[in-house]
Amino acid sequence: MDQFAQNYVDRFMADLTAKNPGEKEFHQAVKEVLESVAPYIVEHPYLMDLKIMERIAEPERIIIFRVPWLDDEGEVQVNRGYRVQCSSAIGPYKGGIRFHPSVNLSIMKFLAFEQTFKNSLTTLPMGAAKGGSDFNPKGKSDNEVMRFCQSFMTELQRHIGPDTDVPAGDIGVGGREIGYMFGQYKRLRDEFTGVLTGKGITWGGSPLRPEATGYGTCYFASAMLATKGDSYEGKEVVISGSGNVAQYAAQKALQLGAKVMTMSDSNGFIYDPDGIDEEKLAYIMELKNIFRGRIREYADKYSGAQYFPNERPWKIKCDIAMPCATQNELNEEEAKTLVANGCICVAEGANMPCTPEAIEVFQKARLLYSPGKASNAGGVATSGLEMTQNSIRLKWTREEVDQNLKRIMTDIHEACLKYGTEEDGYVNYVKGANIAGFIKVAEAMMAHGLV
Ligand code: NDP
Ligand code: 2IT
């Protein structure tokens with residue numbers, strides 16, 4: 001980056017941190033995008049004059065609200081709800097809802113900011129938002145989760161709508177929670193619309209939406225590997241997480257001929273030297289989705305597997321690493337270990353799972369490395385396909401949705417190649433994704449005037 005662009009980044013970040021003190025995840029996400037797009041912006045001075053990036057980094061609207069609910073003991077509980085509506089430049093606000101005790105304004109803002117570029121990359125007309133609550137669904141009864149979701153939606157419903165803002169799932173929000181929130185929205189508004197995505201298949205959901213993020217991440221990684229004439233076939237894959245994204249990343253990796261070595265949750269990881277095959281994965285899905293159990297139980301059931309409490313899986317030797325749990329779950333040290341162990345490809349299923357230092361390690365070692373906003377975009381893209389099906393009041397087949405998903409992931413990969421290929425031929429997918437995502441949003445913002 002030349003000095004002028006560097007000065008622009010430094011000034012921008014100084015202003016942003018002063019204006020948004022303490023929001024470290026938000027600062028991290030903005031800085032990553034800014035470092036990619038600054039050279040492009042200084043080459044196109046009108047983007048500077050119009051303060052396009054300054055505007056994207058200031059959400060259009062932030063809603064913070066009280067969520068009171070009664071637990072099973074009859075005690076009053078109070079949580080905090082959020083919806084950060086970052087950008088409506090290219091379509092209605094769109095993005096997931098996260099229920100996790102760590103949820104705060106910084107995390108909501110980083111996710112909504114990232115979503116802006118991700119949704120732009122999908123090729124579909126979707127703006128960007130993120131929402132959630134510091135509510136912890138772990139250990140809560142179904143009735144408690146339902147009462148919480150109803151209270152959350154009672155407030156949120158006045159801020160969303162099928163042409164305004166269309167939420168979906170994220171950490172701690174799956175089919176059960178979407179169902180309770182949809183039911184409450186329908187009751188309060190007397191409308192059966194596509195106001196949420198990730199709906200059940202019998203009431204407006206799309207085939208393949210549950211699978212889409214994990215599958216899409218594997219499709220994207222396959223496209224990266226194909227640039228080297230390589231594929232998943234015969235590769236050892238290390239996956240973190242054991243939720244929605246991790247489960248279907250594992251399933252697709254298996255279908256593509258890979259061997260899945262690990263999965264994890266926030267308490268530790270399991271390593272299975274024989275590989276987690278289809279049958280073992282079905283056990284994990286039942287354990288996590290139906291019994292809401294812990295990953296350590298895998299090692300009780302399969303004696304060949306080992307459980308590592310309070311550890312992350314990155315020390316296990318692999319060809320492909322797929323972080324699919326949460327932000328900043330893979331640091332510099334762990335990145336060095338992966339590289340030293342011969343890893344050739346890192347595809348992010350989660351949002352911002354690798355720290356900036358880890359990304360630097362991967363890029364210096366010339367690994368195939370994709371940021372979440374490119375490789376995990378299949379989830380929101382399939383949400384976009386769910387919105388299309390809701391609008392035309394039709395349901396496509398699984399095959400039709402899968403074909404669309406594959407095409408979209410290939411298109412995102414192409415966009416990354418276009419804007420991210422460096423002089424020596426190395427593809428900087430971070431730069432490619434950020435610039436491609438930015439250009440479309442910037443053009444729409446210029447057309448709309450100063451709004
Ligand atoms: P789930 O709630 O289904 O699963 C989350 C998994 O990550 C669980 O195994 C969970 O373990 C683990 N995890 C969560 N928080 C932490 C933490 N602080 N430390 C360690 N492990 C943690 O969520 P998803 O699979 O939907 O989401 C995973 C990631 O993918 C997130 O970054 C999300 O933003 C991103 N994403 C999700 C999309 C979707 O469509 N669902 C789309 C695109 C991105 P535990 O059970 O112990 O909490
Ligand atoms: O981070 C994400 O892209 C999601 N959680 C999915 C959002 C969506 O609207 O499907």
Side-chain angles (χ1 to χ4, degrees), residues 25 91-103 107-108 110-119 121-122 124 126-132 136-139 160 165-178 194-199 205-206 208-217 239-250 263-270 284-285 287-289 292-296 310-313 322-330 348-354 371-387:
E25 293 86 0
Y93 305 111
K94 178 87 196 88
I97 291 179
R98 176 177 293 192
F99 292 163
H100 194 273
S102 64
V103 162
I107 289 175
M108 293 287 100
F110 116 65
L111 288 163
F113 180 80
E114 286 281 288
Q115 201 83 42
T116 306
F117 303 90
K118 183 196 305 195
N119 292 5
L121 284 169
T122 64
L124 302 175
M126 296 184 291
K130 200 82 186 191
N136 185 1
K138 269 195 213 109
I160 63 174
D165 184 352
V166 183
D170 194 79
I171 292 176
V173 177
R176 174 181 65 169
E177 292 74 19
I178 294 291
V195 67
L196 293 165
T197 59
K199 299 186 290 300
S206 172
L208 223 72
R209 176 61 188 89
E211 294 89 339
T213 310
Y215 279 22
T217 305
I239 296 179
S240 66
S242 51
N244 172 267
V245 180
Q247 290 172 15
Y248 289 105
M263 291 186 83
S264 72
D265 60 26
S266 52
N267 295 112
F269 79 92
I270 49 112
I284 292 179
M285 288 185 173
L287 172 73
K288 299 302 284 189
N289 307 347
R292 300 186 188 271
R294 308 304 301 160
I295 201 70
R296 81 178 123 68
N310 305 315
E311 285 196 64
R312 305 196 284 212
M322 301 184 73
C324 296
T326 194
Q327 65 275 356
N328 293 325
E329 56 160 321
L330 197 168
E348 293 187 347
N351 285 309
M352 210 166 77
C354 299
K373 65 169 75 68
S375 43
N376 75 31
V380 73
T382 306
S383 280
L385 301 176
E386 182 171 329
M387 290 166 73

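Atoms within each ligand, like the ligands themselves, are counted from 1 in listed order.
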Taking 4.0 Å as the limit for heavy-atom contacts, which would you say applies to Asn244 with ligand 1: side chain only, backbone only, both, or neither? both
State whether the shortest distance between N or O atoms of Gly172 and N or O atoms of ligand 1 falls below 3.5 angstrom. yes
For atom 9 (O) of ligand 2, closest protein heavy-atom neighbour: Lys94 NZ, 2.6 Å
Taking only heavy atoms of Gly241, which atoms of ligand 1 are found under 4.0 Å from at least one of them? 9 (O)
For Arg209 and Ser383, does a side-chain donor sit closer than 3.5 Å to a side-chain acceptor? yes
Proximal ligand 2 atoms for Lys118, defined as those under 4.0 Å from one of its heavy atoms: 1 (O), 2 (C), 3 (O)
Here the atoms of ligand 1 under 4.0 Å from any heavy atom belonging to Arg98 are 31 (C), 32 (O), 33 (C), 34 (O)
Does atom 10 (C) of ligand 1 have a protein non-hydrogen atom under 4.0 Å from it? no
Heavy atoms only, cut-off 4.0 Å: how does Gln115 contact ligand 1, side chain, backbone, both, or neither? neither
Shortest protein heavy-atom distance from atom 8 (C) of ligand 2, along with the residue and atom involved: Ala168 CB, 3.4 Å
When you measure from atom 10 (O) of ligand 2 to every protein heavy atom, which one gives the shortest distance, and what is it? Ser383 OG, 2.5 Å
Set of residues satisfying ring-ring contact (aromatic ring centres under 6.0 Å, His included) with respect to Phe117, sequence neighbours excluded: Phe113
Numbered atoms and elements of ligand 2 in range of Gln115, under 4.0 angstrom, heavy atoms: 1 (O), 2 (C), 3 (O), 7 (C)
Any heavy atom of Gln327 under 4.0 Å from ligand 1? The part involved is neither
Among all protein non-hydrogen atoms, which one is nearest to atom 7 (C) of ligand 2, and what is the separation to 0.1 Å? Gly96 N, 3.5 Å
Partner residues of Phe269 under the ring-ring contact (aromatic ring centres under 6.0 Å, His included) criterion, sequence neighbours left out: Phe308
Going by heavy-atom distance to atom 4 (O) of ligand 1, choose the closest among Gly174, Ser102, Gly243. Gly243
Using distance alone, decide if ligand 1 has a nitrogen or oxygen within less than 3.5 Å of any nitrogen or oxygen in Lys130. no
Test your reading of the structure: does Asn351 have an N or O sitting under 3.5 Å from an N or O of ligand 1? yes
Within 4.0 Å of some non-hydrogen atom of Asp170, the atoms of ligand 1 are 26 (O), 33 (C), 34 (O), 36 (N), 37 (C)
Of Lys130, Lys118, Glu25, the one forming a side chain to side chain contact (heavy atoms under 4.5 Å, CB included) with Leu111 is Lys130
With heavy atoms under 4.0 Å as the rule, classify the contact between Ser240 and ligand 1 as side chain, backbone, both or neither. neither
Out of Thr197, Ile171, Asn267, Asn328, the nearest non-hydrogen contact to atom 23 (O) of ligand 1 is supplied by Ile171
Only one of Asn119, Asp165, Thr197 passes side chain to side chain donor-acceptor pair (under 3.5 Å) with Lys94, and that residue is Thr197
Can you check which of Pro323, Ser266, Gly372, Ser375 brings a heavy atom nearest to atom 20 (C) of ligand 1? Ser266
Walk me through it: do Asn267 and Asn310 pass the test side-chain hydrogen bond (donor to acceptor under 3.5 Å, both in side chains)? CA-CA 5 Å; Asn267 295 112; Asn310 305 315; 5.2 Å; no
Please verify whether a non-hydrogen atom of Gly169 lies at under 4.0 Å from ligand 2. yes
For atom 1 (O) of ligand 2, which of the options Lys373, Lys130, Arg209, Met126 provides the nearest non-hydrogen atom? Lys130
Would Lys118 count as a polar contact of ligand 1, with the cut-off being nitrogen or oxygen pairs under 3.5 Å? no
Of the side chain and backbone of Ala168, name the one, both, or neither that has a heavy atom under 4.0 Å from an atom of ligand 1. neither
Heavy atoms only, cut-off 4.0 Å: how does Met352 contact ligand 1, side chain, backbone, both, or neither? neither
Examine the proximity of ligand 2 to Thr213 and report which part, side chain or backbone, both or neither, has a heavy atom under 4.0 Å away. neither
Heteroatom proximity flag, Gly169 to ligand 1, N/O under 3.5 Å: no
Of Ala381, Gly198, Ala325, the residue with the heavy atom nearest atom 13 (N) of ligand 1 is Ala325
Do Gln115 and Asn351 have side-chain atoms, one donor and one acceptor, less than 3.5 Å apart? no
Arg292, Lys138, His100, Glu177: member with heavy atom nearest to atom 48 (O) of ligand 1: Lys138
Please confirm whether Glu329 approaches ligand 1 to less than 4.0 Å, judged on its heavy atoms. no
Gly95: numbered ligand 2 atoms lying under 4.0 Å from its heavy atoms: 7 (C), 9 (O)
Would the distance check show the side chain of Glu386 and the main-chain N or O of Gly198 forming a donor-acceptor pair, the cut-off being under 3.5 Å? yes
Does the N or O separation between Asp265 and ligand 1 drop below 3.5 Å for any pair? no
